[in-house]
Amino acid sequence: MSQLFDRVALIGLGLIGSSLCHIMHREGLAGHIAGFARSAATRARAMELGLVESIHETAAAAVGDADLVILCSPVGTYGEVAREIGPALKPGAILTDVGSVKAAVVRDVGPHVPKGVHFIPGHPVAGTEQSGPESGFAELFGNRWCILTPLPDADPAAVSRLEGFWRACGSNVETMTPEHHDLVLAITSHLPHLIAYNIVATAADLEEVTGSEVIKYSAGGFRDFTRIAASDPTMWRDVFLNNREAVLEMLGRFSEDLSALQRAIRWGDGEALHLLFARAREIRRGIIAAGQDTASPDFGRDKTHKG
Ligand code: NAP
């Protein structure tokens, strides 16, 4: 792959930022990667790991002369970061982000984008429960979707340039409105995380009652929720604070469906339960057929750890 941008600046060098560094280096997509992260420790580690060619003391210094600027910090920081870097952005540069919500990003970043800078919000739908500069890897975005939510007046040439960048990172690219993105992700990502956090909290309370049995027998299903619930608390706090409407809408539907299940169990309605479980199994098969997960038993875990 050939170089797509002379100079790329990343604000935030955690899982997503460091993964972008790895794939850009592997594919030779950037002439120079400039970085900034909040703490001196992360900035130093990023240099040690060779993630970036230059590290900067401020976000504004990092974006100077960059053709592509990618915000890779938690969504709640974007407004402040955009306010700081706005005056330092180069005319003609593309400013994008990787945030898990999109309407709030348009609201918080939009007002700080100077004329002549192309602001195109984005979200790579790819991740793990790990965080920090050491957690990244080049394959993270491979065969995953990256959703771009360009505003109605976005420059088509800039959008297509950014699409090309994500394709070069191995992703498939889709565009949609920020509002539609937030609704779709509320059910496919945000609600599952909320449920995982909640079930782990409920079980942790029970742990007091049942001794160590919640952990001992966790291979029965519980541990798969704990993986999701191990995700970064700051990132997820910001997601729920910034996608409130869509999450509450989906939570309402979820609660109704849960009540229907509760009722089926109470009344011994095996047919209703079987119908719903069979439908769910088909969805799992569809995800595997679409290449978004593996069909290996137990998610490909080592059999010796199976309970
Ligand atoms: P992460 O591993 O926790 O890394 C966050 C990075 O942002 C760290 O380098 C942190 O620096 C830096 N940071 C925090 N506050 C900052 C500030 N005010 N200014 C500059 N840098 C700051 O997080 P992540 O998982 O990469 O997530 C980053 C973004 O990607 C989030 O917006 C999230 O919504 C989105 N996203 C995440 C996933 C996922 O599965 N994790 C998937 C798709 C999209 P320090 O290390 O110095 O604190």
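Model, not experiment: these values are computed from the prediction.
By the 30° and 60° cut-offs, the orientation of the rings of His190 relative to Phe240 is perpendicular.
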Test side chain to side chain contact (heavy atoms under 4.5 Å, CB included) on Ile94 and Ile120; report intermediate values, then the result. CA-CA 7 Å; Ile94 293 176; Ile120 308 166; 4.2 Å; yes
Take Phe119 and Leu151 through the test side chain to side chain contact (heavy atoms under 4.5 Å, CB included) and record every step on the way to the result. CA-CA 8 Å; Phe119 171 44; Leu151 303 173; 4.2 Å; yes
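Salt-bridge annotation for Asp293 and Arg284: present, with a side-chain N of the basic residue lying under 4.0 Å from a carboxylate O of the acidic one. Ion pair Glu48/Arg45 flagged as a salt bridge, since at least one NZ, NE, NH1 or NH2 atom sits closer than 4.0 Å to an Asp/Glu carboxylate oxygen. Between Lys102 and Glu179 there is no salt bridge, since no side-chain N of the basic residue sits under 4.0 Å from a carboxylate O of the acidic one. Using a cut-off of 4.0 Å between Lys/Arg side-chain N and Asp/Glu carboxylate O, Lys90 and Asp65 are scored as salt-bridged. Taking the charged nitrogens against the carboxylate oxygens, Glu213 and Lys216 have no contact shorter than 4.0 Å, which rules out a salt bridge.
Phe5 and Leu13 fall within the same hydrophobic cluster, where Ile, Leu, Val, Met, Phe, Trp and Tyr residues are linked whenever their side-chain heavy atoms come under 4.5 Å apart, directly or through other members. In the hydrophobic clustering of ILVMFWY residues, with side-chain heavy atoms under 4.5 Å counting as a link, Leu258 and Leu191 come out together.
Note: Cys21 SG to Leu29 CG = 11.5 Å, rounded to the nearest 0.5 Å. A distance of 6.0 Å separates CG in Leu20 from CG in Leu10, rounded to the nearest 0.5 Å. Interatomic distance, Glu84 CD to His112 NE2, rounded to the nearest 0.5 Å: 11.5 Å. In this structure, Ile187 CD1 and Glu249 CD are separated by 10.0 Å, a value rounded to the nearest 0.5 Å. To the nearest 0.5 Å, atom CZ of residue Arg237 and atom OH of residue Tyr197 are 11.5 Å apart. Of the inter-residue distances, the one linking Leu71 atom CG with Ile16 atom CD1 reads 13.0 Å to the nearest 0.5 angstrom.
For the pair Glu80/Ser73, no side-chain contact is recorded, criterion being any heavy-atom separation below 4.5 Å from C-beta on. When side chains are defined from C-beta on, Glu174 does not count as touching Leu148, because their heavy atoms never get closer than 4.5 Å. Between Asp97 and Val109, the closest side-chain pair of non-hydrogen atoms is not below 4.5 Å.
A donor and an acceptor atom, one from each side chain of Ser54 and His56, are located under 3.5 Å apart. Side chain to side chain, Asn172 and Arg167 fail the donor-acceptor criterion of an N or O pair below 3.5 Å. With hydrogens and angles left out, the side-chain atoms of Glu53 and His25 include a donor and acceptor closer than 3.5 Å.
Judged purely by atom type and a 3.5 angstrom limit, Thr294 uses its side chain to pair as donor or acceptor with the backbone of Ser296. Between the side chain of Asp182 and the backbone N or O of Val101 there is no donor-acceptor pair closer than 3.5 Å. Looking at Thr149, its side chain never comes within 3.5 Å of a backbone N or O of Pro178 through a donor-acceptor pair. Here the side chain of Arg43 pairs a donor or acceptor atom with the backbone of Arg38 at under 3.5 angstrom. Between the side chain of Asp67 and the main chain of Arg7, a donor-acceptor pair closer than 3.5 Å is present.
In plain terms, the two heavy atoms of Asn243 and Ala186 that are nearest each other are ND2-CB, 4.0 Å. Heavy atoms only, all atoms of each residue included: Ala34 and Ala62 are closest at CB-O, 3.6 Å.
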